[in-house]
Amino acid sequence: MTEVLKRDEVVAARGVRVTFGAVKALDGADLVIHSGECVGLVGHNGAGKSTIVNVINGGLTPHEGTITYGGQDERGISAARANGVRCVFQELSLCPNLTVTENARIMHPDLKGWNWRSGALALVEAHLQEIFPGHSIDGDSTVDDLSIAERQMVEIAISFAGTDKKPKLVILDEPTSSLDAGLAAQLMAYIRKFVSEGGSVLLISHILGEILSTSDRIVVMKDGRVTADRAAGEFSTRSLVEAMGNVVREQEWARAAATKTGEPVLSMPPRRGHGLAFEAYRGEMIGLAGLGGHGQTEALLDLYLDRNSNWWPTRRREIAFVAGDRSLNGTFPLWSILKNLSVASLGQLSTNRMVDRMREETLGESWKKRIEIRTPDMDNRILSLSGGNQQKVLFARALATTADIVLMDDPMRGVDIGTKQEVYDILRSEAANGRTFIWYSTEMDEIRLCDRVYVFREGAIMEELIGEDITEKNILAASFSEGAAA
Amino acid sequence: MKISSGTIRLLIPAASLALLLAAVFYMQPRAMSYNGLNLLFNLAVPIALATIAQMLIMSVNDLDLSMGTFVSFCACVAATMLQTSPMLGILIFVGAIAAYAAIGVVIHVRELPSIVVTLGMSFVWGGLAVLLLPSPGGTAPAWARWVMTAKPPLVPMAIVASIVIAGVTHFIVMRSSFGVLMRGVGGNNRSVQRAGWSVIGVRAGTYALAGFFAILSGIALVGLTTSADANIALRYTLLSIAGVILGGGQFVGGKVSPIGAVIGALTLTLAGSFLSFMRISPDWQIGAQGAILIVVLALRLALNRLEKREKSL
Amino acid sequence: MTPHRFLLGKPWIWSFAATVIVWIITVLFTGGASSFGLSQAALTFAAFSVIVGIGQMFVITLGPGNIDLSVPATMTLSGTLALKLMDVQDGMILVGLLASIGIGLIVGLGNYVLIKLLRIPPIIATLSMSFIIQSVAIWSNRGLRIKPPEMLANFTTSDLFGIPNVALVAFLLSVLAWVLLEKSIYGRWISAIGQSMFAARMASIPVDGTRLVTYMLCAVLAALCGYLLASFSGGAALNMGSEYLLLSIAVVVIGGTAVAGGNSNIPGIWGASLFLFLVVSMLNTYGFGAGFRLILTGLIIIVVILLAGGRQSFR
Amino acid sequence: LCSPTLADTSSKKIALSNNYAGNSWRQAMLTSWDTITKEAVSKGVVAAADPFTTAENQATEQAAQIQNMILQGYDAIVVNAASPTALNGAIKEACDAGITVVSFDGIVTEPCAWRIAVDFKRMGESQLEYLATKLPNGGNLLEIRGLAGVSVDDEIHAGIQAGVEKNPQFKIVGSVNGDWAQDVAQRAVAGILPSLPDIAAVVTQGGDGYGAAQAFAAAKRPTPTIVMGNREDELLWWKEQKDKDGYETMSVSIAPGVSTLAFWVAQQILDGKDVKKDLVVPFLRIDQDNLEENLKNTQKGGVANVEYSLEDAQKVIAAAQ
Ligand SMILES: Nc1ncnc2c1ncn2[C@@H]1O[C@H](COP(=O)(O)OP(=O)(O)OP(=O)(O)O)[C@@H](O)[C@H]1O
Ligand SMILES: Nc1ncnc2c1ncn2[C@@H]1O[C@H](COP(=O)(O)OP(=O)(O)OP(=O)(O)O)[C@@H](O)[C@H]1O
Ligand SMILES: [Mg+2]
Ligand SMILES: [Mg+2]
């Protein structure tokens, strides 16, 4: 510890308390970050990670406690920025209507002068190239036209970029949640390089492997407090999970014995006129794999929209959807948690098309317990939930319906490891009861849980893997074009 | 070469304008002259300026329902104060710009819906205009008249003015740093704030700029009509919104295009002329104006489809 | 629950507070003598704005850009055609009513067809539609004023225990609309669509169907209002709806409905309708000229909004 | 009609520029235009007489309409203007292109155009003159004005004010804007009525008398003397009251058929006649004794009207010389 103390203190938050109404988001948390280190921050959904990030970057004033930058007591967003603190938020923080270059202009107020465009372009391109070598992002394209992963990359590149002075501390709140494994590895490598050059990074992630391999020090939060703060080497995955307050479960995952029984419940001809056709059978768990942005989401959307009238309410719901990009197409921000949860099941909750509040509340309570939505009251606004908890609500929304088929578009983004394990169990038991799940995921661990996997490449299905064949190696092999091999 | 999506969005309104213009030329070959073009388009100049003003407000996700009354008010000031005692007139205009900036600040600070505030303001501007000119009258300042009726060589004034307006506002909105911030606020206000900018300042600036262009619209209008009345530009409110939309702008998300807005204003004006040339029974003339709006937009849709098909190929 | 919290939750409270204040000021002019007459007049005329306002509110709830500008034209067409059809015969009252509703249904359908097929923003689609409807109204009877059937005219101009019949009709419609909005699945759906159309679609809400119904509902209410107004004022005129363009929007937004959609409230429409009528009456009573009257109306609206504003529910 | 001098205009084209079609008066005006000009065209007096109406009652839109007429090559433009001054730019362009411009009802101030004006100020004054004879003791007046910021409103109002000054036994105790529409007038009157003392008479601008009567009835107040504006429903109501209890009032307005007078004037100017720039037409006034007769001649739901012939026009032109 002593040698760490000698280093410069970039940011220090001490005894910070933040409350939102009755919720104690932070309850006396301490977090000190020194120059030249990467601090990993982990904790369950709603532990207070994003809140402490907001305190450090000046967006939130704590109700109690001190926050100092390089030893000085200062407040506010501009103070934080002046002290070299940059932040990559998990929700998209770019302006979707602007180009990549213009976004850089906004993030870097010191890009002045007549020729700021070329300056900004050079800056972004240099950093994109440095962090994600081999990327194919055009600095003049509008952010709207980029995939989620590309947006995330742009945001990261802009944050690490510095015009005159480099950033001292870059905070990354779940930066890899929409990146595929390759990009995530590139980012982690860059973080190590940045740290070795004297910068510091605060890394938040629910993917513990990343945290363990990249951080120098790991801070564990629980219920608004820091419960552990030790060098990374002193943790293993197991001890880390335990420090977060979860029990590590053995991965005893029994695949459904027989797949493809009976008539397919869902099918789709080969996409873009080539590749394999898609078929799903009752009780199956089907994974959609491949590199990010190769048409998996589009396939899910097609499957969904084909079977869902836009004009008439469907009498019996046969298909439900769990969105991954929750702020874009998942949550209804003006509504309470309960209304967000029940919106897809209104038919079964009502008599004569009038919603029965009692039945709705019962449904809400049962799902709140079942997947542990952390909130004192289901009538609170959905936005008062932490990101991971919002995602759980979206899950509950789909599972609460009577649909036989559930489509999931990378639904575990930002869900903590304990919850994930619970959700996996729920999925498994629902599948055993005859529900079919079609699951697009960017995480290899999740893909490996599926009964059958379709690997996507350039918009079409290129490979079908069944049972034991579902391995990282096989998936990666199918994900990269045979053009390279041939 | 890769064409940006912004350019494509511009091509569509431009193509519909060209098509409409071709139809007008076909029906009325006389329009195909220096004077003809000027007559077709000179009343589009104030509309284009008002459309730009509306577009600025729309770029920060707001909507100005007082645009028409405000332009009327400015026209009244231009035909009275600005003509008799220019200093006082300029002072009033500066005050009006300040009022616009203040509206922007109030809307931001109190998180008010812009529609309601500007609805209220539309009564205020209308009242001020009636006080200023209880009955139509006033005289346009000589210089305004001169500018609007100038006859530059080769290209008529209306076209020159439209190009200048489009060029200048394109630079301000699409190229300058302030324009980026403005559209940034429309696109994602939180991220602009998080980057340390004063969103209040940006909004106030945007509103002030909109006020400035609306004032220009009022002066240009008076320059064309030679005098003003309190109701002279009431329909600019809807026209300006329609112009922005026709030009490919959107209500939310900071997606606007100044060149598109000017094209939208020209298209709307031209659509009216197209109808006059068609000689419809008086009963149906009003309805035909609706129909032509629909046709122009349908054209936009058709071109949109075409572009999509090309993209997917 | 503290009074402050109560106010926070109810954006419409301000329009009612303003209404009461304006009412008192107006009545003071005559030392209270005018209170009954003024209240009755206010209720009568507020009723018409409430009926169109409710329809407009449903449309505005659908989200940014959704607004029905064809309301005035629909009112005019329904008024003219219904009165022409009834041709002063008491026996035709019901037929006229049905014709009005039919006109509303057709207009609403037309509006949505334009919006959907041509993908044009509702503001422009309904504006174009309103021109066409206006032409139909002109063509159908060239602006002639035909009197309403005696019985209908009597019904719309008389009152029950001092409450004007039209206000009772408007109240009934408000209650129905409230139930629809707060209790029914349909109410949830429009609110969801107003917050995010795409998310609504992914939650398996039939988005197009719901929007179509909403535009039809709005047009039917406008048509109904035209029918009542024409009967009330002794005949339809080609320009009889023009006032209701801004009015129908104003009562919705001043009443506290979120302009960005997804959040609406019915009591506020009543507050705002009464308020807007009374403000003009007050300024007329105190003898302000047109210019000052307009300025003060505007300033009063802004002050009410300022007092009520600053709530997220307002956006 | 077929005098040889007319042969000169047989190739000429005349256009009507109209800014508003949304009330019965304007509809009657368009109908009159249609009947008279159709006949004139079929007889070969002129080659064309096309009416044009803008979608919205706005000067800017009408200015564009006039500019289009220039492009279309009309020889004369007959205009009922949305604003006396705001069209001046476009009218000047038309004159410069050698086009004859005749304005009526809503006249324009541009000197190159002809004006067929109604003395609106006089119209306002005449109301007070009538009231002074009918109610020698005077009393409280309620004034219903038109649309704020429009010149006709201002002129009639000025006439009424002048009348009140001359007859100080009258006092205007309330004033509202009825926008020349029954329902707006009714709404405004209903709002102010509870706070008003007894009203002896209502002075109006046309198109709003019936609405005022309805508002008085709804408020259960005694019906004052309401000056009417020649609409059929107003006359009918007057007739009913008259039959019931001998109710007396007057009705005054400009006849919609003045458009046909303007047409003939334009034709005469094209024909090379020397016509003074300012012509005056009398307003159409209905009194107690000629009420029935006028009512009979008025279309159901329409406006009392007079259409003009070429001879009428020549008389008006001669009177001005
Ligand atoms: N604006 C707010 N209003 C009310 N409660 C809030 C608000 N923001 C956060 N909270 C609450 O504060 C707690 C901490 O939230 P925070 O976002 O910091 O969690 P987190 O650790 O980032 O969780 P996750 O891993 O899900 O992102 C949560 O219980 C959350 O519901
Ligand atoms: N309506 C709100 N008002 C105030 N603060 C908010 C609101 N919504 C969110 N926040 C703040 O923003 C923070 C970020 O939101 P959120 O927790 O949803 O994102 P995240 O943690 O970055 O995402 P994820 O959980 O997917 O990693 C919240 O913790 C909360 O403090
Ligand atoms: Mg978080
Ligand atoms: Mg989170």
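- For CE of A/Met268, the number of neighbouring non-hydrogen atoms (other residues, nucleotides, ligands) closer than 6.0 Å is greater than 12.
- C/Arg201 meets the salt bridge (Lys or Arg N to Asp or Glu O under 4.0 Å) test with no other residue; sequence neighbours excluded.
- Considering all non-hydrogen atoms of both residues, C/Met202 and A/Tyr304 come closest at O-OH, 3.1 Å.
- Between A/Phe332 and C/Ser191 there is no side-chain heavy-atom pair separated by less than 4.5 Å.
- Within the 4.5 angstrom heavy-atom criterion, only backbone atoms of A/Ser309 (N, CA, C, O) approach chain C.
- C/Ala199 approaches A/Gly330 most closely through the heavy-atom pair CB-O, 3.8 Å.
- Looking at A/Leu305, the atoms closer than 4.5 Å to chain C (heavy atoms on both sides) sit in the backbone and in the side chain alike.
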Intermediate values then yes/no, salt bridge (charged side-chain N to carboxylate O under 4.0 Å, His left out), A/Arg357 and C/Glu182
CA-CA 11 Å; A/Arg357 277 297 289 188; C/Glu182 302 286 333; over 6 Å; no
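- Side-chain atoms of C/Gln195 and A/Thr331, non-hydrogen and from C-beta on, never get closer than 4.5 Å to each other.
- Of all the heavy atoms in A/Trp335 and C/Ala192, the pair that sits closest is CH2-CB, 3.5 Å.
- Here the CG atom belonging to A/Asn310 is positioned 8.5 Å from the OG1 atom belonging to C/Thr210, to the nearest 0.5 angstrom.
- Taking a 6.0 Å sphere around CZ of C/Phe171, one finds it holds 12 or fewer heavy atoms contributed by other residues, nucleotides or ligands.
- In this structure the side chain of A/Met354 never reaches within 4.5 angstrom of the side chain of C/Ile185, judged on heavy atoms.
- For the atom pair OG (C/Ser204) and CZ (A/Arg307), the distance works out to 14.5 Å, reported to the nearest 0.5 Å.
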Might you work through the side-chain contact (heavy atoms from CB on, under 4.5 Å) test for C/Arg188 and A/Ser342, ending with a clear yes or no?
CA-CA 10 Å; C/Arg188 289 281 175 93; A/Ser342 67; 3.7 Å; yes
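- Sparse packing is recorded around CG of A/Asn352, with 12 or fewer heavy atoms of other residues, nucleotides or ligands lying under 6.0 Å away.
- In this structure the side chain of A/Leu346 reaches within 4.5 angstrom of the side chain of C/Trp189, judged on heavy atoms.
- When the salt bridge (Lys or Arg N to Asp or Glu O under 4.0 Å) test is applied to C/Arg211, no partner is found at least two apart in sequence or on another chain.
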